[in-house]
Student: 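Attaching a single structure in structure tokens format; questions to follow.
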Amino acid sequence: MYKLTEDNGNRKYLTNSGIDIFTLAAGFYESTGDKLINTPWKDGGFVTIDVFQNTSGSGTRKQFILNYSYMKRIFVGNLHTNGSFRGWVELKHNEGVSAFLEDELFNLYEKVATIQNTNTKSFGFISDTHYIRNSNGSYGMNGLQHVNNIIDFTKYGLLDFVVHGGDIINGKDSPSVYKRELYDNVKAFMKSKVPVAILKGNHDYGPWYTDNTANPKLADIMSPTEWHQKMVKPFEENFVFNSAEKNGGYYYKDFDDMKLRVIFLNTADVAHISNNNGSPKYHNISFHALRNRQIQWLAHTALNFQNKQSPSNWTVVTMSHVPITGSDGVGKATNAFAFRGIIRAFKLGIRYRSAVTEGDHGVDVTVDFTGRKGNHIAHIGGHYHLDEDYVHDEIRYINVLHSATADSSTGLTRDPRPRDSGEITEDSWNVFTVNTSNRRMHLSRFGQGSDKVISY
């Protein structure tokens with residue numbers, strides 16, 4: 001007879017540190033999460049571990065059930081015959097948030113409801129979830145759950161739309177894997193009760209894979225057409241596109257009752273062409289761009305309100321994955337200078353003529369806002385895994401903290417605040433509430449970080 005417990009029926013208590021649970025024999029165990037290796041997260045609270053083993057057939061297989069009692073979270077995982085582990089799956093009591101986050105969602109609900117009135121619009125903004133489908137660590141593992149957190153919040157009727165600011169996935173695996181990860185997220189976003197806008201991140205369409213494979217091919221990169229078909233088209237009825245380039249990855253949404261336009265830009269607007277050997281000519285994880293057609297659309301269509309009632313009273317918010325201009329004042333995307341010139345001219349009601357550049361990402365734009373200036377609240381972005389708020393060339397930039405569970409010890413952020421799985425701080429996203437009457441925008445934070453109010 002095989003013993004699964006101690007002689008007295010209690011679980012076997014694991015006292016040593018550094019125990020790899022994959023090496024445990026079949027049985028029922030208990031320990032604290034900080035002593036274990038290959039678990040969903042490090043946690044100092046008690047965790048029970050149920051290990052089941054089967055050696056019939058071609059080899060040994062194991063199933064694990066981990067119950068983190070204080071946080072009320074249960075995970076299952078399987079070690080397959082070939083020794084592969086395909087990640088942890090959390091069992092939830094409903095399709096929404098994990099139980100330990102429900103109070104945080106209620107607090108956010110109270111904050112947002114209090115500041116809303118007939119002069120406000122609110123939108124959720126989450127960025128840099130870096131979902132990894134078969135992750136065996138906190139980074140990436142919780143990405144899809146964090147998307148579900150913000151989607152769950154849409155059912156309360158407080159949001160007018162939701163934005164994913166890009167880097168939905170980590171994207172280092174092969175196309176068959178990273179495209180499945182994108183599909184998982186689209187399925188989650190389809191449950192939203194409000195319109196969904198997805199900004200294209202540099203990790204989202206193949207460059208991180210081609211940067212790390214020995215024989216990169218342009219075919220490994222999602223084309224703009226494929227990106228639109230899979231990531232934008234399911235939600236496209238809610239937005240206005242460039243009729244000359246519908247698959248460009250940029251568009252806008254109007255709220256006529258408040259004279260508010262939100263413009264979604266694409267900093268992954270990179271020429272989709274190959275070198276002679278078939279490798280991508282430009283696509284890499286660090287190359288960002290806004291090409292001429294998008295720049296022209298921004299200047300002459302997205303910021304043109306002449307067909308609107310009281311065109312000078314319109315207010316604009318712009319956003320993209322990469323912030324376009326960094327806190328150091330340096331452009332972070334090719335043609336950042338043209339974006340800055342256009343937005344500045346729009347705010348001041350003046351004429352702008354860009355420098356003329358050539359090549360696959362050349363730009364040449366002239367626009368005159370004389371007599372038709374407008375309001376630009378801020379440009380919102382992610383990418384840098386930091387909370388930042390700065391002004392450059394009279395344009396305000398607000399960058400938000402990453403949603404992925406990673407603190408400064410991982411080297412993936414300079415933000416010093418803790419990001420522990422199983423704690424409220426494992427996630428981070430915002431609800432932005434724009435009030436065009438008192439010219440303020442509230443940022444209400446879910447998870448790590450703090451609230452703030454800006455005036456414009």
Student: Charged N to carboxylate O below 4.0 Å: is that the case for R133 and D184?
Tutor: yes
Student: Kindly say whether the aromatic ring centers of Y456 and H376 come within a distance under 6.0 Å.
Tutor: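 No, too far apart.
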Student: Are H379 and T318 close enough that a side-chain donor and a side-chain acceptor fall under 3.5 Å?
Tutor: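 A donor-acceptor contact under 3.5 Å links the two side chains.
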Student: Less than 4.0 Å between a side-chain N and a carboxylate O, is that true for D269 and R293?
Tutor: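 A salt bridge is absent here (no side-chain N lies under 4.0 Å from a carboxylate O).
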Student: Classify the ring geometry of W297 against Y250: parallel below 30°, tilted from 30° to 60°, perpendicular beyond 60°.
Tutor: tilted
Student: Taking it one step at a time, do K281 and D360 satisfy salt bridge (charged side-chain N to carboxylate O under 4.0 Å, His left out)?
Tutor: CA-CA 10 Å; K281 184 174 181 179; D360 295 319; 3.4 Å; yes
Student: Is there a donor-acceptor contact under 3.5 Å from the side chain of S122 to the main chain of L159?
Tutor: no
Student: Do R73 and E90 meet the salt-bridge criterion of a basic N to acidic O distance under 4.0 Å?
Tutor: yes
Student: Ion pair present between D415 and R419, side-chain N to carboxylate O less than 4.0 angstrom?
Tutor: no
Student: So does R11 pair up with D50, basic N to acidic O under 4.0 Å?
Tutor: yes
Student: Check this for me: does any side-chain nitrogen of one of D257 and K121 sit under 4.0 Å from a carboxylate oxygen of the other?
Tutor: yes
Student: Going by side chain to side chain donor-acceptor pair (under 3.5 Å), S421 matches just one of N142, T39, D427. Which one?
Tutor: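 It is N142; the other options fail the test.
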Student: Measure from the ring center of F64 to the ring center of F22 and say whether it is less than 6.0 Å.
Tutor: yes
Student: How about T81 and R61: does a side-chain donor come under 3.5 Å of a side-chain acceptor?
Tutor: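 Per modelled atom types, T81 and R61 side chains form a pair under 3.5 Å.
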Student: Would D451 and R445 pass as an ion pair if we require N to O under 4.0 Å?
Tutor: no
Student: Using the six-membered ring of F241, assess whether NZ or CZ of K246 lies under 6.0 Å from its centre and within 45 degrees of the ring axis.
Tutor: yes
Student: Have N185 and E181 got a donor and an acceptor in their side chains that come within less than 3.5 Å?
Tutor: no
Student: Under a 3.5 Å cutoff, is there a donor and acceptor pairing between the side chains of T325 and Y397?
Tutor: yes
Student: Knowing that exactly one of H321, H203, H402, K332 qualifies, which makes a side chain to side chain donor-acceptor pair (under 3.5 Å) with H383?
Tutor: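 The residue from H321, H203, H402, K332 that satisfies side chain to side chain donor-acceptor pair (under 3.5 Å) with H383 turns out to be H321.
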